[in-house]
Amino acid sequence: MRLTGAQVFHPRKGFVLGEVCTEGKVLTEQSGDKAVDLPGCYVIPGLIDLHFHGCVGEDFSDATPDGLQKIADYELSRGITGICPAGMTLGEDTLTAICQNAAAHMEGNKPGAEVLGLHLEGPFISMAKKGAQNGDFVHAPDGDMLERLQKAAKGHVKLVTMAPEEPGAIEFIHKANELGVRVSLGHTTADYDTATAAYNAGARQATHLFNAMPPFTHREPGVIGAAADQEKVMVELISDGVHVHPSAVRTMFKVFGAERMILISDSLRAAGMGDGEYPFGGQYIEVHGARATILGHPETLAGSVSDLMGCVKRATEFGISLHAAVTAASVNPAKALGVYDRLGSLDAGKDANFVVLNPDYSLKAVVFHGQVVSGAL
């Protein structure tokens, strides 16, 4: 495959007029194929969502093979070529089943978006900041439990969200690092000093910035201030236009720089569906338009009904450049998950996973492993 005439994403240079070439499943410097000219279009690496729960009526936490397959298929159709779906605050037996289901899917070389690992967004969180999570299963940080779950996942737990103010948190972070699990601070009441201690101990991320954590203020900067002061820390942000005000999105890109931002969707099973009521971690949510809340508690957001490609487009509508948004939705999550050697950019030798956008940033085509899997060229 040889694409010409488009603006091609480059991690450092921005968008440059150039070619994208593939041979088989790999990006190459050249190709002998007849050129497909794409004037006015953009070519970006496939997106990677490292924090979302489900879509098209399915939830990762249901731990069903068919459900995970439907999730992977839908995500790929939307230009999200790599996924790290998130479990919720549930009992260890259920979490074990989630881990086993993910491991079986990954080892089965299934079609759809590539499952790059899984994210445990609980149960090691604060009851006071559980948000839409089920408080019945909130658990103190437990390194032994994490090790059991990692064993069930056959080493594929890549990310865990935890509250650093809970007893045993620092020991938990050390254990997670030993197990190859990246620690993200979230669903937490932590102040600046507590968060800083956790980052100094090896935590490297913050979960859905602003949501389920204390606000940033001039005297109590909290997790946000602590993360800003740590150059090695990346931060997640939901840019669906519901969870975070557009001004706050712009501000965080200025504070952290595009190279430390990770756009996520935090999408629910309602994504790709419509208004209505849906089960969610032993509870129910209700969806009205772009807003999903716990049933009977309209003040409690429960995640989004967008997907990562939609969040990228929304970010550009808020004033974030397409280059910065793609950096935060592809380059950075690939680095956070340890797969930037083969994903996250359009460098020769990497997997031929990319998306062609029309001039208005709508999807034109999705290419996965060198094949057009959605849309047309």
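Counting from 1, the numbers follow the sequence of the chain as shown.
- A donor-acceptor contact under 3.5 angstrom links the side chains of Glu236 and His51, judged on distance only.
- Follow the hydrophobic side-chain contacts under 4.5 Å out from Val242 and you never reach Val249; the two are in separate clusters.
- Here the straight-line distance linking atom CE of Met252 with atom CZ of Arg260 works out to 11.0 Å at 0.5 Å rounding.
- Residues Asn101 and Leu68 meet the side-chain proximity criterion, which asks for heavy atoms closer than 4.5 Å.
- In this structure, the ring of Phe15 has its center less than 6.0 angstrom from the ring center of Tyr42.
- Each of Val373 and Val26 belongs to its own hydrophobic cluster when Ile, Leu, Val, Met, Phe, Trp and Tyr are linked at side-chain heavy-atom distances under 4.5 angstrom.
- Other residues, nucleotides and ligands contribute only 12 or fewer heavy atoms inside 6.0 Å of the CD atom of Glu29.
- Between the side chain of Glu75 and the backbone N or O of Gly112 there is no donor-acceptor pair closer than 3.5 Å.
- Partners of Lys158 by salt bridge (Lys or Arg N to Asp or Glu O under 4.0 Å), not counting sequence neighbours: none found.
- Here CZ of Phe216 is found 8.5 Å from CZ of Phe210. Values are rounded to the nearest 0.5 Å.
- The two atoms that bring Ala226 and Thr196 nearest to each other are CB-OG1, 3.5 Å, heavy atoms only.
- Within a 6.0 Å sphere centred on CD of Glu220, other residues, nucleotides and ligands contribute 12 heavy atoms or fewer.
- With no hydrogens or angles considered, a side-chain donor-acceptor pair links His187 and Glu121 at under 3.5 Å.
- For the pair Phe253 and Ala328, the tightest heavy-atom approach, listed with the atom from each and the gap, is CZ-CB, 4.0 Å.
- Side-chain contact check for Arg250 versus Ile320: some heavy-atom pair is nearer than 4.5 Å.
- Ser184 and Thr207 are linked by a side-chain donor-acceptor pair at a separation below 3.5 angstrom, with hydrogens and angles left out of the test.
- Taking the side chain as every heavy atom from C-beta outward, Asn353 and Pro45 never approach each other to under 4.5 Å.
- For Arg204 (side chain) and Lys232 (main-chain N/O), no donor-acceptor pair under 3.5 Å exists by modelled atom type.
- Annotation for Ala113 and Gly82: closest pair CB-N, 4.4 Å, computed over non-hydrogen atoms.
- For the pair Ile285 and Thr293, the minimum side-chain heavy-atom distance is 4.5 Å or more.
- Using modelled atom types and a 3.5 Å distance limit, the side chains of Gln283 and His297 yield no donor-acceptor pair.
- With hydrogens and angles ignored, the 3.5 Å screen pairs a side-chain donor or acceptor of Asn332 with a backbone N or O of Met261.
- Qualifying side-chain contact (heavy atoms from CB on, under 4.5 Å) partners for Lys151, counting only residues two or more places apart in sequence or in other chains: none.
- Within the structure, salt bridge (charged side-chain N to carboxylate O under 4.0 Å, His left out) contacts touching residues 171-189 (residues at least two apart or in different chains) are Glu147-Lys175.
- Using modelled atom types, one finds no donor on one side chain facing an acceptor on the other under 3.5 Å when comparing Asp93 with Thr96.
- In this structure the side chain of Leu3 never reaches within 4.5 angstrom of the side chain of Asp37, judged on heavy atoms.
- Here the rule is side chain to side chain contact (heavy atoms under 4.5 Å, CB included) with Leu357, and of Val312, Val43, Leu363 only Leu363 fits it.
- If you chain together ILVMFWY residues whose side-chain heavy atoms come under 4.5 Å of each other, Val138 ends up grouped with Ile125, Met127.
- From Glu92, atom CD reaches atom CZ of Phe137 across 12.0 Å, with rounding to the nearest 0.5 Å.
- In this structure, Leu268 and Asp59 have side chains that are not in contact, with every pair of non-hydrogen atoms separated by 4.5 Å or more.
- Judged purely by atom type and a 3.5 angstrom limit, Ser265 has no side-chain atom pairing as donor or acceptor with the backbone of Phe52.
- The closest side-chain donor-acceptor pair between His243 and Asp266, if any, does not fall under 3.5 angstrom.
- No side-chain heavy atom of Thr89 sits less than 4.5 Å from a side-chain heavy atom of Lys130.
- Under a 4.5 Å side-chain heavy-atom cut-off, the cluster of Ile, Leu, Val, Met, Phe, Trp and Tyr residues that includes Leu159 is completed by Ile48, Leu50, Leu116, Met234, Ile238, Ile262, Ile264, Leu337, Val339, Leu343.
- The local environment of CG in Asp360 is crowded, with over 12 non-hydrogen atoms from other residues, nucleotides or ligands closer than 6.0 Å.
- The salt bridge (charged side-chain N to carboxylate O under 4.0 Å, His left out) contacts involving residues 299-326 comprise Arg78-Asp307, Lys313-Glu317, Arg314-Glu317, where partners must be two or more places apart or lie in separate chains.
- Shown here for Ala365 and Ala376, the closest heavy-atom pair between the two residues is CB-O, 3.7 Å.
- At a threshold of 4.5 Å between side-chain heavy atoms, the hydrophobic network of Ile, Leu, Val, Met, Phe, Trp and Tyr places Met273 and Leu301 in two separate groups.
- Taking NE2 of His105 as the reference point, atom CD1 of Ile83 lies at 6.5 Å (rounded to 0.5 Å).
- The two residues Val356 and Cys41 have their closest heavy-atom pair at CG1-CB, 4.0 Å.
- Under 3.5 Å, the side chains of Glu165 and Thr194 contain no donor-acceptor pair of N or O atoms.
- One hydrophobic cluster, built from ILVMFWY side chains closer than 4.5 Å, holds both Leu185 and Phe256.
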Evaluate salt bridge (Lys or Arg N to Asp or Glu O under 4.0 Å) for Glu114 paired with Arg342, printing each intermediate quantity in order. CA-CA 12 Å; Glu114 181 183 357; Arg342 64 181 183 88; 2.6 Å; yes
Evaluate the criterion side-chain contact (heavy atoms from CB on, under 4.5 Å) for residue pair Leu38 and Thr4; output intermediate values, then yes/no. CA-CA 6 Å; Leu38 298 168; Thr4 63; over 6 Å; no
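- Formation of a donor-acceptor pair under 3.5 Å by the Glu166 side chain with backbone atoms of Pro141 is not found in this model.
- Between the side chains of Ser345 and Lys350, at least one donor N or O lies within less than 3.5 Å of an accepting N or O.
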May I have the step-by-step check of side chain to side chain donor-acceptor pair (under 3.5 Å) for Tyr192 and Asp229, ending in yes or no? CA-CA 10 Å; Tyr192 175 89; Asp229 284 344; 2.7 Å; yes
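- The shortest heavy-atom contact between Leu322 and Tyr361 is CD2-CE2, 3.6 Å.
- Residue Met1 holds its CE atom at 14.5 Å from NZ of Lys34, rounded to the nearest 0.5 Å.
- Residue Lys129 qualifies as enclosed at atom NZ: its count of foreign heavy atoms under 6.0 Å is above 12.
- For the pair Leu27 and Asp347, the minimum side-chain heavy-atom distance is 4.5 Å or more.
- Ring pair Phe124/Phe172: centre-to-centre distance below 6.0 Å.
- Put simply, the side chain of Ser330 gets close to the backbone of Gly46: a donor and an acceptor are under 3.5 Å apart.
- A salt bridge does not link Arg269 with Glu58: none of the charged nitrogens is closer than 4.0 Å to a carboxylate oxygen.
- In this structure a side-chain-to-backbone donor-acceptor pair under 3.5 Å is missing from Thr94 to Leu90.
- Residue Ser267 holds its OG atom at 8.0 Å from NE2 of His53, rounded to the nearest 0.5 Å.
- Here the side chain of Thr28 pairs no donor or acceptor atom with the backbone of Ala348 at under 3.5 angstrom.
- Taking hydrophobic clusters as Ile, Leu, Val, Met, Phe, Trp and Tyr residues chained together by side-chain heavy-atom distances below 4.5 Å, Tyr284 does not share a cluster with Val56.
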